[in-house]
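Every value quoted in this text rests on a predicted model; they were computed, and no experiment measured them. Residue numbers begin at 1 in each chain, while the letters A, B, ... track the order of the sequences.
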Amino acid sequence: MAYEKVDSKTDFPALEREILQFWNETRAFETLREKNRGNKKWSFLDGPITANNPMGVHHAWGRTYKDVFHRYHAAKEHDMRYQNGFDCQGLWIEVEVEKEHGFKNKKDIESYGVGKFVDECKARAQHYADIQSEQSKRLGYWMDWNNSYYTMSEQNNYGIWAFLKKCHDEGHVYKGADVMPWCPRCGTGISQMEMNEGYRETEHLSVFVRFPIIDRENEALLVWTTTPWTLTSNVAAAVKADMKYLKVRCGDWTYYIGKGNFEAPRKQPVEGDAAKNAPSLMSIQAIFKNAGGFEVLGELTGTELIDLRYAGPFDHLEGAAEAKEHHKVIAWDMVTESEGSGIVHIAPGCGSEDFRLGKEFSLPAVAPLDEQGNFLDPFEHLAGKNFGTLANDIVADLKDRDFLVHKERYVHRYPHCWRCKEELVYRLVDEWYINMEWRERIMAATRSAQWIPDWGMERELDWLKNMGDWMISKKRYWGLALPIWECNACGHFDVVGSQAELKERAVAGWDEFDGNSPHRPWIDAVKIKCAKCGSDGVSRIKDVGTPWLDASIVPFSTMGYFDNRESWQEWFPPEFVVEALPGQFRNWFYALLAVSTMMVDKSPFKTLLGHGLVLDDKMEEMHKSKGNAIEFNEAADKFGVDAMRWMYCNHSPERNLAFGQTHVDEVKAKTVRPLWNTYVFFVNYARLDGFDPTKEPLSLERRSDLDRWILSDLQELIEVADTSYARFEPHHFCKRAERFIDDLSNWFVRRSRRRFWKSEWSDDKRAAYETLHEVLTTLCQLIAPIAPFMTESMYQNLVVGKFASAAASIHHQPFPTPDPAKTDRALSQRMDRFLRIVSMARKTRTASKLKVRQPLAEMRIQPASDVEREAVEQFTDHMLDELNVKKVTVETDLSSLCAVTIEANKKLIGPKFGKEVGAVIKAIQSADAVVIADLVAKGAAIPLQLNDNAIELEPADVMVTKSYGDDWAAEENAGTIVLLDKRITHELKLEGIARDIVRFVQNLRKDADLNLEDRIGLSLQSDDAELNEAIETCGDHIARETLATSIETNPIDGTSARVEVKINGKPLTIELART
RNA sequence: GGGCUCAUAGCUCAGUUGGCAGAGCGCGUCGCUGAUAACGACGAGGUCCCAGGUUCAAGUCCUGGUGGGCCCA
């Protein structure tokens, strides 16, 4: 029943662990679900977290949002699914398992055994899913942790089959040959969606080579490339038809070169440090000069070069035999003067633009590399060697055979595998695609949803408008088995849409597969019959699917679309999804929209919230490899989760967030601690006083102004909280809540302290307790979604066991609703004005060096408005106490006390009037100071009579000084005037001394570890007459304030504490003893 | 080259419908003392990126530019 004592020095991480245990023991989450079951639904769809590593603090931002909105909607008594998701399949997991075994390439996996390998991938996903579940619980994330979905589940995989079948039925699935970025280590193509994450500054050996022109003696095309190995597969050379070219002789050879290319200085195409470390590049002109000089023989256009035939540098190799027949100059608009030689080496098998151009000109595509990046047999001496290790050999070879003109180190941004960091090559491969003929439908779905921030929709539409066909295949092992069975005999392929369909069509291997998950290698045992040519034994293609399919079927696979359509209809479309913005427009957001459009032509969410990245305190991206990533558990144990959650929620979602000690400390100092300290204050006094919150509370009329004011502001805060959560804008609420907490702790509690200290019960004391109790409990309720731990702890102490109707957990309580009867805007306004006047008075004291401990006789105020006057009248008592003055007088016109003096601003009028300046100064001096001051105050021009001339001064030309005489300290601002009486009488001085004494005694009490309620015997020993007089005159006051039962002037027995201090420079010895 | 976005105090950021430029941290000065390993007040610190425009009034709206980020080509 009684309140538990609380220490203000609370170990928040420890408290949070206690609360976790409490929730666990009381099955708090289950109770909440039970309570809201069957109510109106609020549907959330979780974007699955990659179950490949422990969580970092950057994962916690989005997961905090997810929990906050769940808790809010639970308080709104909605029924929810609480389903978390794990993304389990894909290359990132394979790479980690490979690392564990030290595998170097796909061969290692094959010889280890695909089945074993896949099982280990499954196990790894499960392992990290478990770890992430535990970490999420530590975050306070209330989910149905026993019911998380896994993208590796059968349900999910077969769901994608259904999707792909639908795509195929509509004719969108096709197999395409294309040159694409390829990772030789992973042995797989890298899709458009994955490309951008892997660009890095890379140094290559780049070369200028000559392509000798056939039938023209010693004439050659000058060609440049950064990838010498692709010269093995050169087919053509491209020029721009309307560009100018030069014919230049250098040594034995005459070259054709782009005019602009020849003359222009060349620069490494990188910036920053990479540029600094890179060698500078020579212009072609300079290269020729170094080679013994050159002579420009003529100028021509690109058109004149077209169709010239030339000899390629590797024509002697068998692999180049076909290409050899096609070597000629072709026209291409993309050739530029800004890079290279103006004549572009075209290898359609080694570059995606080359490939497109090759198609246009019906050129063969020579593909020289195998899956691992090794040269194929027809490339003779190169065969079996890796392209990456060959650059120097190839260049040496070119030199030996007299093709090399110049070599250089070239630094540029070049794609790397986003997972394993290997350099990519461009390779001609067959991959499977979904065409984007239906993009308009996806765009319509995109437009039907709400996007936060709203420009997100534009970004998504832009991506949808521009994106190429969707490559869905991966030549890997661990992932969705693409349900495509392709007939070797006739080339026909079929997409199988479900497990049942496969079973029905299986002609072999079903028994072998049955009982396994639909993954490689087991699924590959199943053969079907070709629907076109009837041949038996059609196999599944070897490829697996992109993991973005896995993550995007989930609004169907996890909500019952395939097995309980009725239930699915109740939950679809979800109200809300949230993920980090960067990257997701072309990943999850896109894939989710595409899948849902294909399935039901609807957006898979009503509202999408995107948030930024969590960066380190230097605003740099966190990476494990960089060493600046912060592991979630580490941060949770160091800072406490409530503070972290508050920091996340307080931030504008679309902006990146700098995570660091100072930032979290700021949240603690500004929010967590003031709130907690206010609570501690309440609880510890309520304990002593035996405050009973269950008695019928006093009516509003019987409460003080302070009470009604804070209660009124509280109603406003409830409204803000409700709308902020409902609109997914918790940061708006956080900002308001911080201000409220500041008002509460630094004004309400400070001004109310004495009400709590009173020894006997009175209405006022009861009102103070009741008000603070109501404010704290309601505030907790509002903040609970964001800071679920500390608010639970407070709730348990403030409410549980006191009120019979109290729910067992704060998170079972309904969200508060504002009480209009408690709202009093006029009162809030007056309090605002009052606080402003108090602040002015403090400033006056500071400026006049009148410390607040020194009582002053009088304060006079001229209010600027009626509201201000009412404020002063209403809150006079607070003013007397807060500012330590004896009397407050409201004046309508203080000008009678005010002496105005004006003075010429000589600096300004000097240049204006030159020799006349003396006369102007005189004129100013003789003018009516009050009239002029008034004009200055209004910012109006000042007319003056200067001998016979009328002149005008600017307001700034005159300096006005107002003085209220030596007796008054004054402060004036926006029409409000505050005066403080500076005359300190003997009595006032003695009172000031007494307050000093009280302060020293209180400090001593605290140093002696006395309890708040302990009584003392006090001894005050001094030789100073004034001090002694103060002790004598104000002894009662001192005794009352310090709970002294007696005041001696001699040393006392049983002294438990003693200190020597100086007051106004005079020594005083203080002793006290507990009685 | 195109799209989106950002630019406000030394730092991190607020700034609703256009209405006297703000907070926290840091810095300086002072104060307060039973919330005390706290707290408060005051001060210094600003070309609200630049240039135009609309308006009685622009950090805010419009146009153009500069610089950063993301995306596309």
Side-chain angles (χ1 to χ4, degrees), chain A residues 6-9 192-193 195-197 334 353 453-468 581-586 590 610 612-613 615 617-619 621 647 650-652 654-663 665-667 669-671 673-685 688 720 729 731-732 734-736 738-739 742 744-747 749-750 753-754 756-757 835 838-854 882-884 971 974 995-996 998-1007 1009-1014 1041-1043:
Chain A
V6 186
D7 194 339
S8 70
K9 294 171 210 161
Q192 189 189 358
M193 280 147 85
M195 270 291 284
N196 271 61
E197 304 175 36
M334 300 297 284
E353 282 167 344
D454 54 5
W455 51 261
M457 183 195 287
E458 289 306 314
R459 274 291 277 280
E460 192 60 54
L461 290 171
D462 188 55
W463 164 259
L464 286 167
K465 198 171 74 195
N466 294 309
M467 75 161 296
L581 285 173
Q584 297 301 348
F585 290 107
R586 53 192 185 137
Y590 154 70
L613 294 172
L615 307 176
D617 50 3
K618 296 183 189 68
M619 295 302 272
E621 270 192 55
M647 181 180 69
N650 185 33
H651 201 77
S652 291
E654 68 191 274
R655 300 183 73 117
N656 292 341
L657 184 154
F659 192 104
Q661 171 98 45
T662 47
H663 199 165
D665 283 349
E666 202 178 308
V667 169
K670 211 159 121 188
T671 313
R673 243 188 333 246
L675 176 60
W676 190 255
N677 284 343
T678 303
Y679 158 71
V680 170
F681 173 87
F682 172 85
V683 167
N684 290 347
Y685 278 97
L688 287 181
V720 171
E729 297 168 342
H731 53 299
H732 287 161
C734 286
K735 300 243 180 301
R736 288 293 289 269
E738 282 177 5
R739 207 156 61 208
D742 188 61
L744 179 67
S745 72
N746 283 324
W747 194 244
V749 170
R750 195 167 89 225
R753 272 194 205 136
R754 280 177 188 275
F756 293 95
W757 292 346
L835 287 171
V838 169
S839 155
M840 280 176 69
R842 285 196 188 115
K843 195 174 165 185
T844 317
R845 270 189 174 268
T846 307
S848 309
K849 303 229 177 279
L850 296 164
K851 57 185 181 184
V852 179
R853 264 201 309 278
Q854 177 59 58
E882 180 71 17
L883 297 167
N884 199 14
E971 182 69 25
R995 279 188 65 146
D996 272 335
V998 168
R999 180 179 142 237
F1000 282 122
V1001 175
Q1002 300 289 35
N1003 281 345
L1004 189 59
R1005 280 184 63 113
K1006 190 175 57 190
D1007 291 343
D1009 279 334
L1010 296 194
N1011 289 321
L1012 292 182
E1013 64 275 20
D1014 287 341
E1041 291 292 316
T1042 62
L1043 299 185

Does OP1 or OP2 of [N] have a side-chain N or O of [X] closer than 4.0 Å?
X: Asn746(A); N: G40(B); answer: yes
X: Arg655(A); N: A7(B); answer: yes
X: Arg459(A); N: U5(B); answer: no
X: Ser652(A); N: A14(B); answer: yes

Base, sugar-phosphate alone, or nothing: which one does [X] contact when heavy atoms must sit under 4.0 Å apart?
X: Arg995(A); value: sugar-phosphate
X: Asn684(A); value: nothing
X: Asp665(A); value: nothing
X: Tyr685(A); value: sugar-phosphate

Review point. Between the side chain of Asn656(A) and the main-chain N/O of Gly612(A), is any donor-acceptor distance below 3.5 Å?
Key: no
Say we look at [N] and [M]: how far apart would their [atom1] atoms be, to the nearest angstrom?
N: C50(B); M: G67(B); atom1: P; answer: 15 Å
N: A57(B); M: G1(B); atom1: C1'; answer: 39 Å
N: A7(B); M: C48(B); atom1: C1'; answer: 9 Å
N: G24(B); M: C49(B); atom1: C1'; answer: 24 Å
N: G43(B); M: G18(B); atom1: P; answer: 31 Å
N: A38(B); M: U5(B); atom1: P; answer: 44 Å

When the distance from [atom1] of [X] to [atom2] of [N] is rounded to whole Å, what number comes out?
X: Met467(A); N: G2(B); atom1: CE; atom2: P; answer: 23 Å
X: Glu460(A); N: G3(B); atom1: CD; atom2: P; answer: 18 Å
X: Arg736(A); N: A23(B); atom1: CZ; atom2: C1'; answer: 15 Å
X: Lys465(A); N: G2(B); atom1: NZ; atom2: P; answer: 13 Å

Point to revise | G-U wobble or Watson-Crick pairing nucleotide for C48(B) (cut-off 3.5 Å, both distances) | key: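 Its partner: none found.
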Check your understanding: Could you give the distance from CH2 (Trp463(A)) to CZ (Phe585(A)), rounded to the nearest 0.5 Å?
Key -> 12.0 Å
**Study point:** Out of C25(B), G40(B), U5(B), whichever nucleotide has its closest atom nearest the side chain of Trp455(A)
**Key:** U5(B)
